[in-house]
> 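Structure below; questions to follow.
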Amino acid sequence: MKLGDTPFNLDATLCCGQVFRWEKVRGWWYGVTGDRAFKIRQIGDMLEFTNASEQFIKRYFGLGDDLPKISAEIGKDDYIRAALREFWGMRIIRQDPWECLISYICATYKSIPAIKRMLLNLSRKFGEKTTLDGMEFFTFPTPETLASARVQQLAECGLGYRARFVLETSKQIFEGRFMLESLRQLPYEQAKKQLCTLPGVGPKVADCVLLFSLDKLEAFPVDRWIARVIVNHYGHMLPRELAKKLLGKECLSSAEYMRLNAFGREYFGQYAGYAQEYLYHYERMNAAGCKIGV
DNA sequence: TTCCAGGGAGTAT
DNA sequence: ATACTCCATGGA
């Protein structure tokens with residue numbers, strides 16, 4: 001498939017920490033969605049893949065997003081313009097909402113390598129095996145499977161205290177008490193409010209699920225890295241009292257989260273989620289020693 | 001060994 | 001509403 005003048009950066013898109021179950025082997029990215037594995041690679045403006053339709057690829061990798069337009073809207077200052085330049089072509093992936101939800105419940109208070117390990121363990125224990133190019137892959141477990149698991153089994157995957165959150169949320173989804181897909185047609189605020197009723201889901205996890213799987217590009221997740229970016233590079237745009245209070249703080253209160261979240265959405269606009277992801281990746285890649293695991 | 005991680009929930013004010 | 005505390009585990 002030829003990208004033509006559609007800017008795309010596959011490596012940045014899969015490396016920036018929005019998805020956790022892709023791996024690069026001999027120049028190809030291998031991943032699992034739905035019931036099968038597929039691989040994809042980019043050579044210039046050529047995108048090669050197997051086991052997937054062109055329609056699926058366009059949808060999954062957000063190739064329908066008008067990146068030049070988005071860039072023009074969020075490129076408000078030199079700092080984010082540098083991030084846009086550095087990883088130009090990086091896109092917000094449209095993940096499966098269910099996998100995304102469980103992934104970000106697991107992601108709380110964990111490093112990315114540890115998150116990858118947890119999700120791999122979950123898939124190995126509860127998913128179904130499939131093969132591609134002689135390698136083994138596992139589908140992501142279904143709501144039914146996780147809902148009928150025991151807390152101890154989930155904990156054994158390295159989830160720790162998150163095990164009971166994953167179990168209870170899985171039960172709500174499986175039993176039809178929570179309609180994840182229906183959130184897609186709700187406005188951002190309402191969808192977020194509903195997500196936050198799930199155990200293990202607070203404002204940050206909700207924002208990630210909305211942005212990475214439910215087409216809410218205005219969502220602006222604020223984690224430790226983004227909080228650091230805002231304080232260090234946009235602190236002068238915050239109320240002086242707030243900027244001072246956040247300086248050197250290790251975690252945000254819910255009120256502080258709301259204020260940084262609101263800042264991001266108001267400053268960057270309807271595509272704030274794209275701004276967030278470029279800033280997040282830029283900050284992490286420029287962190288001391290570039291030692292962040294891919 | 002010690003520190004920290006894409007935060008959230010529970011509890012006391 | 002806000003502040004403080006604990007959380008279970010693994011990677012660095």
Side-chain angles (χ1 to χ4, degrees), chain A residues 12-22 83 90 92-93 95 99-122 124-125 150-169 172 192-213 219-231 241-242 245-246 248-261 264 272-294:
Chain A
T13 299
L14 290 174
C15 281
C16 69
Q18 55 177 328
V19 280
F20 305 103
R21 269 163 38 79
W22 283 85
M90 186 175 79
I92 300 294
I93 288 179
Q95 303 179 34
E99 176 170 346
C100 189
L101 173 62
I102 298 303
S103 297
Y104 281 92
I105 290 176
C106 290
T108 62
Y109 203 40
K110 270 296 188 186
S111 67
I112 287 184
I115 298 163
K116 291 182 174 182
R117 174 58 57 183
M118 286 190 278
L119 296 175
L120 180 62
N121 290 342
L122 275 180
R124 274 213 275 248
K125 189 188 276 277
R150 280 205 281 266
V151 191
Q152 180 57 30
Q153 292 178 289
L154 297 174
E156 284 167 6
C157 293
L159 301 202
Y161 64 87
R162 302 162 195 78
R164 61 190 179 89
F165 296 149
V166 167
L167 180 60
E168 180 53 31
T169 289
Q172 288 202 34
K192 183 172 179 178
K193 191 173 174 184
Q194 289 211 25
L195 275 171
C196 288
T197 65
L198 291 169
V201 180
K204 191 271 175 182
V205 171
D207 275 323
C208 286
V209 175
L210 291 169
L211 175 61
F212 300 134
S213 74
F220 190 83
V222 181
D223 73 326
R224 294 161 184 267
W225 293 88
I226 287 297
R228 210 172 301 159
V229 170
I230 296 177
V231 172
E241 203 49 42
L242 178 62
K245 195 165 67 169
L246 293 177
K249 229 185 158 200
E250 69 288 351
C251 61
L252 300 176
S253 70
S254 60
E256 288 158 355
Y257 183 95
M258 287 215 295
R259 297 182 70 175
L260 295 189
N261 176 257
Y274 261 95
Q276 188 272 0
E277 204 55 18
Y278 274 90
L279 292 174
Y280 175 79
H281 194 43
Y282 191 59
E283 179 75 5
R284 284 169 55 85
M285 290 305 107
N286 287 321
C290 296
K291 57 184 169 53
I292 312 296
V294 172

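Residue numbering restarts at 1 for every chain, and letters A, B, ... go by the order of the sequence lines.
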> Mind checking side chain to side chain contact (heavy atoms under 4.5 Å, CB included) for A/S213 and listing every partner two or more places apart, or none if nothing turns up?
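For A/S213 the side chain to side chain contact (heavy atoms under 4.5 Å, CB included) partners, ignoring immediate neighbours, are A/Q95, A/P97, A/C100, A/V209.
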> Scan residues 158-168 of chain A for pairs that pass salt bridge (Lys or Arg N to Asp or Glu O under 4.0 Å), counting only residues two or more places apart or in two chains.
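For residues 158-168 of chain A, and leaving out neighbouring residues, the salt bridge (Lys or Arg N to Asp or Glu O under 4.0 Å) pairs sorted by first residue read A/E168-A/R177.
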> Show me, pair by pair, the donor-acceptor contacts under 3.5 angstrom made by side chains of residues 153-161 of chain A, not counting sequence neighbours?
unit_1	atom_1	unit_2	atom_2	d
A/Q153	OE1	A/R150	N	2.9
A/E156	OE1	A/K125	NZ	3.3

> Only counting residues at least two apart or in another chain, list the ones meeting side-chain hydrogen bond (donor to acceptor under 3.5 Å, both in side chains) with A/K245.
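Result, side-chain hydrogen bond (donor to acceptor under 3.5 Å, both in side chains) vs A/K245: none returned.
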> Under the side chain to side chain contact (heavy atoms under 4.5 Å, CB included) test, which residues partner A/E283, sequence neighbours left out?
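Checked A/E283 against side chain to side chain contact (heavy atoms under 4.5 Å, CB included); matches are A/Y79, A/W225, A/R228, A/V229, A/H233.
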> Who passes side chain to side chain contact (heavy atoms under 4.5 Å, CB included) against A/R117, sequence neighbours left out?
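Applying side chain to side chain contact (heavy atoms under 4.5 Å, CB included) to A/R117 gives A/L120, A/N121, A/R124.
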> Could you go through nucleotides 1-7 of chain C and list every protein N or O atom that sits under 3.5 Å from one of its N or O atoms, giving the distance for each pair?
unit_1	atom_1	unit_2	atom_2	d
C/dC7	N4	A/Y109	OH	3.3

> Identify, with sequence neighbours excluded, every residue that meets side-chain hydrogen bond (donor to acceptor under 3.5 Å, both in side chains) alongside A/R259.
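Residues passing side-chain hydrogen bond (donor to acceptor under 3.5 Å, both in side chains) with A/R259: none at all.
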> Hey, does A/E250 reach any base, or is it just sugar-phosphate, or nothing, if we go heavy atoms under 4.0 Å?
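Nothing, no heavy atom under 4.0 Å.
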> What does the 5'-to-3' dot-bracket notation of DNA chain C look like when only Watson-Crick and G-U wobble pairs under 3.5 Å count, and pairs to other strands show as |?
|||||||.||||
> Return all side-chain donor-acceptor pairs below 3.5 angstrom for residues 104-114 of chain A, not counting sequence neighbours, or 'none' if the list is empty.
unit_1	atom_1	unit_2	atom_2	d
A/Y104	OH	A/G17	O	3.3
A/Y104	OH	A/Q18	O	2.9
A/T108	OG1	A/I105	O	3.3

> Would you tabulate the nitrogen or oxygen pairs shorter than 3.5 Å linking the protein to nucleotides 9-11 of chain B?
unit_1	atom_1	unit_2	atom_2	d
B/dA9	OP1	A/G200	N	3.1

> Listed by chain and number, what are the side-chain hydrogen bond (donor to acceptor under 3.5 Å, both in side chains) partners of A/Y274, not counting sequence neighbours?
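Counting only residues at least two positions away or on another chain, A/Y274 forms a side-chain hydrogen bond (donor to acceptor under 3.5 Å, both in side chains) with A/D65.
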